[in-house]
Amino acid sequence: MKNITVLISGNGTNLQAIIDNVKAGKINGKIVAVISNKADAFGLERAKKADIPTYFIGHKGITREEHEQKIIDILEKEKVDLVVLAGYMRVLTSLFVGKYKNRLINIHPALLPAFPGTDGYGDTWNYGCKVGGCTVHFVDEGVDTGPIIIQRANEIREDDTLETFKQRGLDIEHQALPEAVKLFCDDKLKIEGRKVKIEK
Ligand code: GAR
């Protein structure tokens, strides 16, 4: 069974999807910690409700590396196998990425390599795309550039608003992210260069 940590900055609906899948026995892992860089992230409440240890690690007044080291200290204590970024809105430095290489995954709200950055849904919508979606990928040193594990499309309808497009997108994320976590925990993911092979 793998030890999973989830890093969040906000509402934590993706965290909730992982919690629910772990509870349902669909993921061969245990969430050992939920860490937020925002004190008021609602995801911390979701974790507490599920009896998962929570940590708020603020980043004000310290360097990025000092902030990341505080998180690493927790991860080492908890003997973490997989780190999941689920709406974690800080770019990580090579200190963190190097340490958790091939064990660090992120969910991004666009079909990468289109629209990296902080507003995947807004950028997809404003560009006038007919299809958006989400990407779960391993994290490397770049911004949203690591090897892709899963992508799911979300067709934009004539009667969509940004809000309805986003809501449907989040529902799709809640399927895609637990699926990727499950595959990782089952040792089904093999990274070959830029490609991630999913073993049967
Ligand atoms: C999700 O849409 C996730 O893909 C996005 O933030 C939202 C978090 O929602 N992540 C990024 O944009 C990362 N660059 P949640 O807190 O309800 O899971």
Side-chain angles (χ1 to χ4, degrees), residues 1-60 62 67-92 96 99-100 103-109 118-122 133-139 149-150 152 154 162-186 188-189:
M1 205 186 251
K2 307 268 195 236
N3 286 340
I4 304 165
T5 292
V6 185
L7 269 57
I8 59 165
S9 299
N11 191 359
T13 62
N14 278 289
L15 163 68
Q16 188 68 57
I18 301 171
I19 291 172
D20 293 346
N21 276 269
V22 167
K23 259 199 192 149
K26 292 183 185 160
I27 291 172
N28 187 24
K30 179 177 181 217
I31 307 175
V32 293
V34 169
I35 303 172
S36 173
N37 66 318
K38 300 268 189 207
D40 59 354
F42 184 65
L44 291 172
E45 303 309 317
R46 297 177 187 274
K48 281 179 197 154
K49 210 170 158 203
D51 288 324
I52 299 165
T54 58
Y55 302 84
F56 157 59
I57 308 287
H59 55 255
K60 296 229 167 81
I62 54 174
H67 180 246
E68 289 174 8
Q69 189 56 53
K70 288 179 182 226
I71 298 175
I72 291 170
D73 290 345
I74 298 167
L75 302 186
E76 292 198 329
K77 194 181 80 181
E78 298 290 351
K79 301 202 181 352
V80 162
D81 301 299
L82 172 67
V83 182
V84 181
L85 306 181
Y88 186 67
M89 301 307 277
R90 267 174 86 78
V91 173
L92 294 162
F96 196 95
K99 204 158 182 74
Y100 293 96
R103 301 187 286 153
L104 175 59
I105 70 175
N106 177 48
I107 179 129
H108 182 74
T118 55
D119 190 16
Y121 287 132
C134 65
T135 304
V136 186
H137 63 95
F138 283 104
V139 176
I149 302 167
I150 287 179
R152 294 274 185 270
N154 178 11
L162 174 56
E163 279 319 303
T164 59
F165 166 59
K166 234 185 202 174
Q167 189 48 59
R168 211 166 52 245
L170 270 170
D171 291 344
I172 296 170
E173 290 186 44
H174 301 158
Q175 307 289 321
L177 184 57
E179 175 65 20
V181 172
K182 174 183 166 49
L183 289 167
F184 182 95
C185 290
D186 288 342
K188 293 276 172 70
L189 301 177

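Each residue takes its place number in the sequence, starting with 1. Because the structure is a prediction, the values reported are computed rather than measured.
Here the side chains of Phe96 and Leu104 are in contact, with some heavy-atom distance below 4.5 Å. Ile62 places a side-chain heavy atom less than 4.5 Å from the side chain of Lys70. In this structure, the side chains of Thr164 and Gln167 stay at 4.5 Å or more apart for every pair of heavy atoms. For the pair Ile107 and Cys134, the minimum side-chain heavy-atom distance is below 4.5 Å. Taking the side chain as every heavy atom from C-beta outward, Ile72 and Glu76 approach each other to under 4.5 Å. Within the 4.5 Å cutoff, the side chain of Val34 has no heavy atoms near those of the Tyr55 side chain. Val84 places none of its side-chain heavy atoms less than 4.5 Å from the side chain of Thr5. Put simply, the side chain of Phe165 reaches to within 4.5 Å of the side chain of Asn154, judged on heavy atoms.
With rounding to the nearest 0.5 angstrom, the CG atom of Leu177 is 11.0 Å from the CD atom of Gln175. If you take NZ on Lys49 and CG on Leu44, they are separated by 14.5 Å, rounding to the nearest 0.5 Å. One distance of note links CD1 of Ile172 with CZ of Arg152; it measures 9.5 Å at 0.5 Å rounding. Here the CG atom belonging to Leu85 is positioned 11.0 Å from the CG atom belonging to Asn14, to the nearest 0.5 angstrom. With rounding to the nearest 0.5 Å, the separation of CG in Leu15 from CZ in Arg46 is 7.5 Å. The CD1 atom of Ile105 sits 15.0 Å away from atom OH of Tyr100, with the distance rounded to the nearest 0.5 Å.
Here Lys182 pairs with Asp186 in a salt bridge; the nearest charged N to carboxylate O distance falls below 4.0 Å. Checked for salt-bridge contact, Glu163 and Arg168 miss the test: no charged N lies under 4.0 Å from a carboxylate O.
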Item to check | Worked verdict on Val80 versus Ile4 for side-chain contact (heavy atoms from CB on, under 4.5 Å) | outcome: CA-CA 6 Å; Val80 162; Ile4 304 165; over 6 Å; no
Item to check | CA sep, side-chain torsions, deciding dist, call: Arg103, Val83, side-chain contact (heavy atoms from CB on, under 4.5 Å) | outcome: CA-CA 6 Å; Arg103 301 187 286 153; Val83 182; 5.9 Å; no
Next on the checklist: Ile52 vs Lys48, test: side-chain contact (heavy atoms from CB on, under 4.5 Å). Steps then yes/no.
Outcome noted: CA-CA 6 Å; Ile52 299 165; Lys48 281 179 197 154; over 6 Å; no
Next on the checklist: Before you tell me yes or no, could you show the steps for Tyr88 and Ile35 under side-chain contact (heavy atoms from CB on, under 4.5 Å), namely the whole-Å CA-CA distance, both residues' side-chain angles and the distance that decides it to 0.1 Å?
Outcome noted: CA-CA 9 Å; Tyr88 186 67; Ile35 303 172; over 6 Å; no
Item to check | Verdict with reasoning, Lys30 to Glu78, per salt bridge (Lys or Arg N to Asp or Glu O under 4.0 Å) | outcome: CA-CA 11 Å; Lys30 179 177 181 217; Glu78 298 290 351; over 6 Å; no
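Between the side chain of Asn3 and the backbone N or O of Asp81, no donor-acceptor pair lies under 3.5 Å. With hydrogens and angles ignored, the 3.5 Å screen pairs no side-chain donor or acceptor of Tyr121 with any backbone N or O of Leu162.
Closest heavy-atom contact between Pro178 and Ile27: O-CD1, 3.9 Å. Taking both residues in full, the closest heavy atoms of Val136 and Ala180 are given as CG1-CB, 3.6 Å, listed atom of the first, atom of the second, then distance. Shortest non-hydrogen contact noted between Val6 and Ala86 is CG1-CB, 3.7 Å. The minimum heavy-atom distance between Ala176 and Ile150, with the atom names listed, is O-CD1, 3.7 Å. When all heavy atoms of Ile8 and Ala41 are compared, the closest pair comes out as CD1-CB, 4.1 Å. Across every non-hydrogen atom of Ser9 and Met89, the tightest pair is OG-N, 2.9 Å.
Residues Arg90 and Asn37 bring no donor and acceptor atom of their side chains to less than 3.5 Å of each other. Of the N and O atoms on the side chains of Gln16 and Asp20, at least one donor lies less than 3.5 Å from an acceptor on the other residue.
For NZ of Lys2, the number of neighbouring non-hydrogen atoms (other residues, nucleotides, ligands) closer than 6.0 Å is greater than 12.
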